[in-house]
Number of protein chains: 2
Amino acid sequence: MKRRSFREAECPVARTLDAIGDWWSLLIVRDAFDGIRRFSAFQQNLGIAKGILSTRLRDLVEAGVLSLAPASDGSAYQEYVLTEKGRGLFLVIVALRQWGEDHLFRAGERRSMLVDAATETPVDRLKLHASDGRGLTWEDTRIVDAASCAPKGSPSPPKSA
Amino acid sequence: MKRRSFREAECPVARTLDAIGDWWSLLIVRDAFDGIRRFSAFQQNLGIAKGILSTRLRDLVEAGVLSLAPASDGSAYQEYVLTEKGRGLFLVIVALRQWGEDHLFRAGERRSMLVDAATETPVDRLKLHASDGRGLTWEDTRIVDAASCAPKGSPSPPKSA
DNA sequence: GCTTCCAGTTCTATTTTAGAACCAGTTTCG
DNA sequence: CGAAACTGGTTCTAAAATAGAACTGGAAGC
């Protein structure tokens with residue numbers, strides 16, 4: 001009765017959710033983007049049980065999203081910091097944020113906001129584009145099998161690995 | 001011992017995850033984007049227990065992400081279709097997909113691909129821009145409280161709601 | 001009208017989570 | 001230095017969620 005795994009799914013969305021799609025992981029990652037690094041800081045900020053946090057952090061480190069580094073304040077403790085792979089989740093967080101802003105707030109309700117630090121102005125909306133720059137909506141797209149759609153530099157035909 | 005709720009969180013990311021952040025919801029939404037509409041089709045495609053699927057679909061309908069519509073094939077059954085709100089999750093799915101493509105596949109491994117239907121070429125990567133069009137990375141951004149960052153047409157000061 | 005399919009609901013067993021208690025190593029500080 | 005408090009966990013129990021199978025009532029197929 002184990003939870004189904006999509007680690008080997010053909011769909012990248014499924015693999016991503018398999019890796020970080022549980023209830024707490026993305027919240028932890030969001031906190032990491034907000035500068036939180038210490039176990040107790042995550043725990044207090046999220047109100048998560050320590051046992052769960054412990055396994056989630058371990059899983060995220062195992063997944064290569066976070067890594068353990070010596071504390072920046074010189075103490076003997078360690079900190080959890082985003083790896084390059086973890087920082088790659090930024091647009092996932094932004095996409096979640098923009099959807100929430102659009103659909104989950106009543107008018108005038110207090111909310112945090114993502115701004116361009118240089119100008120303090122809100123960032124632009126994410127948009128999807130074709131390779132030639134045209135804007136795309138869901139209706140303009142299709143899912144195909146990679147084998148049938150080799151990109152320019154066709155790295156290698158899917159023979160073994 | 002209820003699961004903590006972020007329905008009233010100030011952070012849009014937290015609200016979004018509260019609404020659709022559990023293990024199955026985004027997979028169901030992904031399937032919906034792929035054209036799946038019937039209970040049994042979701043069930044077979046995901047390998048999810050029927051009981052869970054039942055509550056997940058009910059929750060998604062309640063959240064306004066899916067709606068029930070009479071079956072398009074003329075039968076007496078009903079179908080689950082994405083609402084406008086649900087279609088708004090497209091970029092979330094795309095962001096998850098691109099991260100998975102980048103970090104969760106070995107070279108040459110078979111994977112599905114999102115293409116521009118018109119040209120059959122892979123879509124562009126999502127990118128974040130400032131309001132003036134400059135590309136932004138995480139390091140270029142900050143989270144601020146909405147009240148301290150009123151946008152141009154300052155809709156209304158956060159007085160009541 | 002009998003059988004099969006569809007879309008669930010209900011049931012039990014297993015797994016996961018929450019929350020509190022506990023603990024070893026660290027830091028504080030008197 | 002030694003006691004007290006803090007940090008980062010682990011362990012324990014109880015509650016909740018999930019998996020999987022069995023069951024059900026209406027719709028379709030024949």
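Per chain, numbering begins at 1; letters A, B, ... match sequence-line order.
Here A:D73 pairs with A:R38 in a salt bridge; the nearest charged N to carboxylate O distance falls below 4.0 Å. B:E109 and A:R15 are joined by a salt bridge, as a carboxylate oxygen and a charged side-chain nitrogen come within less than 4.0 angstrom of each other.
Whole-Å rounding puts the B:D22 CG to D:dA16 P distance at 18 Å. Between the CZ atom of B:R58 and the P atom of C:dG8 there is a distance of 9 Å, given to the nearest Å. The distance between atom CZ of B:F39 and atom P of D:dA27, rounded to the nearest whole Å, is 17 Å. To the nearest angstrom, P of D:dT7 lies 15 Å from CZ of A:F42. Atom CD in A:Q43 sits roughly 13 Å away from atom P in D:dT10 (whole-Å rounding). Here D:dA21 presents its P atom at 14 Å from CD1 of B:I52, a figure rounded to the nearest Å. When rounded to the nearest whole Å, the span between CG of A:L53 and P of C:dT16 equals 17 Å. The CD1 atom of A:I28 sits 11 Å away from the P atom of C:dT17 (whole-angstrom rounding).
Contacts between residues 66-81 of chain A and DNA chain D, defined by a heavy-atom separation below 4.0 Å, involve A:Y77, A:Q78, A:Y80, listed by number.
When distances are taken from the side chain of A:W24 to each of D:dA19, C:dA18, D:dT10, the shortest belongs to C:dA18. With D:dT18, D:dG20, C:dG19 as the choices, the nucleotide that has an atom nearest any side-chain atom of B:A49 turns out to be D:dG20. Here D:dT10 is the nucleotide among D:dT10, C:dA7, C:dG8 with the atom lying nearest to any side-chain atom of A:K50.
Map B:Q44 and B:S54 each onto its nearest nucleotide of DNA chain C; the residue landing nearer the 5' end is B:Q44.
Just one residue in the list A:T121, A:D124, A:D116, A:T119 forms a side chain to side chain donor-acceptor pair (under 3.5 Å) with B:S131, and that residue is A:T121.
One finds no side-chain N or O of A:R38 lying less than 4.0 angstrom from the OP1 or OP2 phosphate oxygen of D:dT7. Between A:S40 and D:dG8, a side-chain N or O to OP1/OP2 separation shorter than 4.0 Å is present. Distances shorter than 4.0 Å separate none of the side-chain N or O atoms of B:R56 from OP1 or OP2 on D:dA17.
Aromatic ring pairs are classed by plane angle as parallel below 30°, tilted from 30° to 60° and perpendicular above 60°; the pair B:W23 and A:F6 is parallel.
Contact of the A:L128 side chain with the B:L126 side chain is registered, since non-hydrogen atoms from C-beta on lie closer than 4.5 Å.
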Ring pair (Phe, Tyr, Trp, His ring centres under 6.0 Å) for A:F90 and A:F33? Distances and angles first, verdict last. CA-CA 8 Å; A:F90 185 55; A:F33 278 118; 5.3 Å; yes

Please assess B:R97 against B:S112 for the test side chain to side chain donor-acceptor pair (under 3.5 Å), listing each intermediate value before the final yes or no. CA-CA 10 Å; B:R97 164 177 283 276; B:S112 70; 3.1 Å; yes

